[in-house]
Amino acid sequence: MTGSSLPSRERLGAAYETGEREELGDYIDQALTECGVDVPALTARHGLGPYEITDKWRDW
């Protein structure tokens with residue numbers, strides 16, 4: 001697809017919609033937990049809220 005035939009979110013560079021980001025966040029949280037990572041302790045050590053673990057890599 002090229003030009004205006006692309007869906008608007010792809011033209012704007014958005015990779016994920018809100019629901020998709022939430023699902024991805026849940027997946028990351030679950031994967032870390034299954035690998036023995038205490039996610040609440042990890043985020044607390046870095047001064048982050050529970051949903052801020054990937055904010056460093058978000059590009060608005």
Side-chain angles (χ1 to χ4, degrees):
M1 296 182 146
T2 60
S4 63
S5 64
L6 286 173
S8 62
R9 71 181 182 146
E10 290 179 23
R11 282 196 314 259
L12 297 173
Y16 297 99
E17 292 182 1
T18 300
E20 293 167 326
R21 280 194 313 270
E22 291 171 356
E23 289 176 13
L24 180 58
D26 290 342
Y27 173 79
I28 292 169
D29 188 25
Q30 180 180 359
L32 290 171
T33 300
E34 288 177 4
C35 289
V37 175
D38 182 345
V39 176
L42 173 67
T43 56
R45 280 194 306 273
H46 293 276
L48 301 172
Y51 301 106
E52 296 175 324
I53 198 165
T54 60
D55 282 359
K56 179 178 179 178
W57 299 281
R58 289 177 86 169
D59 184 16
W60 295 105

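Each residue takes its place number in the sequence, starting with 1.
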Distance check, rounded to the nearest 0.5 Å: [X] atom [atom1] versus [Y] atom [atom2]?
X: Asp38; Y: Leu32; atom1: CG; atom2: CG; answer: 10.5 Å
X: Thr54; Y: Lys56; atom1: OG1; atom2: NZ; answer: 12.0 Å
X: Leu24; Y: Asp29; atom1: CG; atom2: CG; answer: 11.0 Å

Review point. Do the non-hydrogen side-chain atoms of Glu23 and Asp26 ever get within less than 4.5 Å of each other?
Key: no
**Study point:** Side-chain heavy-atom pair Val39, Ile28 within 4.5 angstrom cut-off
**Key:** no
Exercise for review: Applying side chain to side chain contact (heavy atoms under 4.5 Å, CB included), run through Leu48 and Asp55 and close with a yes or a no.
Suggested key: CA-CA 9 Å; Leu48 301 172; Asp55 282 359; over 6 Å; no
Check your understanding: Can you tell me if Glu34 uses its side chain to pair, donor with acceptor, with the backbone of Ala31 under 3.5 Å?
Key -> no
